[in-house]
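Here is how names work: the chains are called A, B, and so on, in the same order as the sequence lines, proteins then strands, and each is numbered from 1. Keep in mind it's a predicted model, so treat the numbers as computed, not measured.
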Amino acid sequence: MVYGCYSMKNTVILSPYEVVYVTTLVTGFIVLLLIAIYYALRSRRIRNTSVYLSGEPESVVSLITPSIASLYWGFIKKFAKSLYKVLVERVHTGSLHDWYKFLSSWFSLLLIIAIIAFILTSLIG
Amino acid sequence: MEISTLIFSITIFPGLLFMVSLAFLTQYLVRKLSARYQRRMGPSYVGPFGLLQPLFDFLKLLRVKEIVKTKYSMIRAAEFSLILGIAFIISSTILLPLSPYNVAGEFDILVFFYMTSIMPIFMLIIAALTTPNPYTNIGVSRLLSVLTIAEPAYFASLVVPVYLATRGKTPFMSISNTYIYVPNLWLQASTLVIMLLSTLAYIISVQVKAMFPPFNIPEAEQEIIAGFETEFSGPILALARLLHDLDLTIALIVGVYVLLGGPAPFRHFSVNGAIVLIIKYTILLLAVVTVKNIMGRYRIEQALTQIFKYGLIPALLSSIFALVIYH
């Protein structure tokens with residue numbers, strides 16, 4: 001049952017692709033219109049200043065945006081806690097011995113995989 | 001239909017002029033209702049009952065205030081991305097049955113979602129990052145964190161009613177077709193629970209998208225200055241505010257059509273239908289403003305947990321129920 005009485009006479013039914021084309025064209029038209037209105041009305045006054053850092057000098061932040069390394073470690077710390085724990089508690093302990101143990105275990109694994117691959121390719125040809 | 005109808009639809013009603021006016025009215029209502037909740041007067045002096053205060057604020061930022069830029073700012077990129085975000089929202093109105101030149105097609109809800117939910121937020125983030133600042137970066141990262149959970153909830157809260165309403169009908173998954181059948185979904189016991197869950201997920205996700213308390217952590221004032229808006233000023237701040245208001249306005253309009261059935265039980269383009277549309281829009285806005293004013297700000301991890309609990313889980317449950325019952 002359709003509740004009430006409706007008509008769709010003001011509706012143009014198109015294919016999904018045509019809907020995308022029409023909406024994209026309309027968006028382009030609106031962008032041009034808005035740019036014309038905005039640049040006709042906007043204030044032309046521009047003041048140059050330093051970055052707002054609550055009164056602190058710019059030197060308190062070494063980089064204006066976070067470095068790639070900071071983003072990477074931030075992500076690992078937040079979303080891969082167990083991996084971060086292993087890396088901090090077993091690898092980056094400050095002891096060269098721990099670092100060597102971690103790396104040698106991985107290198108041993110890689111070496112074993114390389115030997116197996118070599119044997120298999122020799123046997124199979 | 002004629003090209004003049006299309007031009008009228010995208011420039012006057014319900015396009016540019018109507019949407020911008022409605023966005024200002026929505027901002028006025030949010031400020032006025034919030035003020036009354038807090039025993040303040042709210043906007044009172046500009047125009048009758050202070051109605052023109054948002055327009056006055058916008059024009060003052062646009063025409064009088066200066067753009068404050070740093071050596072890292074990319075002003076043109078910020079302006080263009082904000083204008084593009086606004087244009088996406090305004091042009092999406094031709095997909096609504098409200099438009100005298102209404103374009104519909106199968107799966108047009110996906111196009112609508114892309115234009116009104118993904119692109120505006122994406123453009124706002126780009127604009128924020130073109131005016132870099134440590135506070136801006138924190139605000140953007142918080143915004144991305146909350147939206148990662150809220151956007152799927154918003155998407156599901158709209159797609160599920162559209163799917164249920166347009167099953168077996170042409171065009172399938174179309175907003176224009178949905179509102180006609182939505183009242184039936186509220187009247188059937190099997191779909192009533194689904195609609196209630198979708199409405200709950202919708203209210204929570206709109207609260208997040210509008211960055212209203214308790215989910216205003218991306219622009220947490222005092223704590224991170226103004227978050228992603230810290231380096232916005234003058235005309236750029238005017239555009240950012242307008243984009244924010246339009247984002248809320250279009251979310252409420254689509255909620256009225258997809259969740260509450262648009263002008264039902266009356267016809268479209270009738271006086272009764274228009275009154276019902278205004279009442280439903282006001283009810284949704286009142287719900288959002290009430291939540292805004294009775295809750296305090298969550299910390300980021302609290303916000304993520306609450307959005308997950310009360311936004312994403314109801315949205316997932318409604319999706320599962322809809323698939324189990326009707327697939």
Spacing of [X] atom [atom1] and [Y] atom [atom2] [to the nearest 0.5 Å]:
{"X": "B:Ile90", "Y": "A:Leu34", "atom1": "CD1", "atom2": "CG", "result": "5.0 Å"}
{"X": "A:Ser50", "Y": "B:Tyr72", "atom1": "OG", "atom2": "OH", "result": "9.5 Å"}
{"X": "B:Ile7", "Y": "A:Phe29", "atom1": "CD1", "atom2": "CZ", "result": "4.5 Å"}
{"X": "B:Met115", "Y": "A:Thr24", "atom1": "CE", "atom2": "OG1", "result": "7.0 Å"}
{"X": "B:Glu231", "Y": "A:Thr49", "atom1": "CD", "atom2": "OG1", "result": "8.0 Å"}
{"X": "A:Ile30", "Y": "B:Ile83", "atom1": "CD1", "atom2": "CD1", "result": "12.0 Å"}

Please flag which part of [X] lies under 4.5 Å from any non-hydrogen atom of chain A: side chain, backbone, both or neither.
{"X": "B:Phe88", "result": "both"}
{"X": "B:Glu106", "result": "both"}
{"X": "B:Leu62", "result": "both"}
{"X": "B:Phe80", "result": "side chain"}
{"X": "B:Val68", "result": "both"}
{"X": "B:Ile89", "result": "neither"}
{"X": "B:Leu59", "result": "neither"}

Taking C-beta and beyond as the side chain, do A:Val19 and B:Leu95 meet within less than 4.5 Å on heavy atoms?
yes

Please say whether more than 12 non-hydrogen atoms of neighbouring residues, nucleotides or ligands are located less than 6.0 Å from [atom1] in [X].
{"X": "A:Trp73", "atom1": "CH2", "answer": "yes"}
{"X": "B:Phe308", "atom1": "CZ", "answer": "no"}
{"X": "A:Lys85", "atom1": "NZ", "answer": "no"}
{"X": "B:Phe13", "atom1": "CZ", "answer": "yes"}

Residue-level interface, residues 111-119 of chain A with chain B, non-hydrogen cut-off under 4.5 Å
none

Close approach to chain B in residues 36-46 of chain A, criterion heavy atom under 4.5 Å:
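Listed by number: A:Ile37, A:Tyr38, A:Tyr39, A:Ala40, A:Leu41, A:Arg42, A:Ser43, A:Arg45, A:Ile46.
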
Please report the shortest heavy-atom distance between A:Ile13 and B:Pro171, naming the atom on each side.
CD1-CD, 4.0 Å

Where B:Ala87 and A:Val31 come nearest, the two heavy atoms and their spacing:
CB-CG2, 3.4 Å

Chain A interface, residue from B:Lys65, B:Glu79, B:Lys71 that has the most non-hydrogen pairs under 4.5 Å:
B:Glu79

Under a 4.5 Å heavy-atom cutoff, which of B:Asp108, B:Leu16, B:Val182, B:Leu6 has the most pairs with chain A?
B:Leu16

Does A:Asn10 reach the main-chain N or O of B:Ser99 with its side chain, forming a donor-acceptor pair under 3.5 Å?
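Yes: the side chain of A:Asn10 pairs with the backbone of B:Ser99.
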
Considering only heavy atoms and a distance below 4.5 Å, find which of A:Asn48, A:Leu33, A:Val22 pairs most often with chain B.
A:Asn48

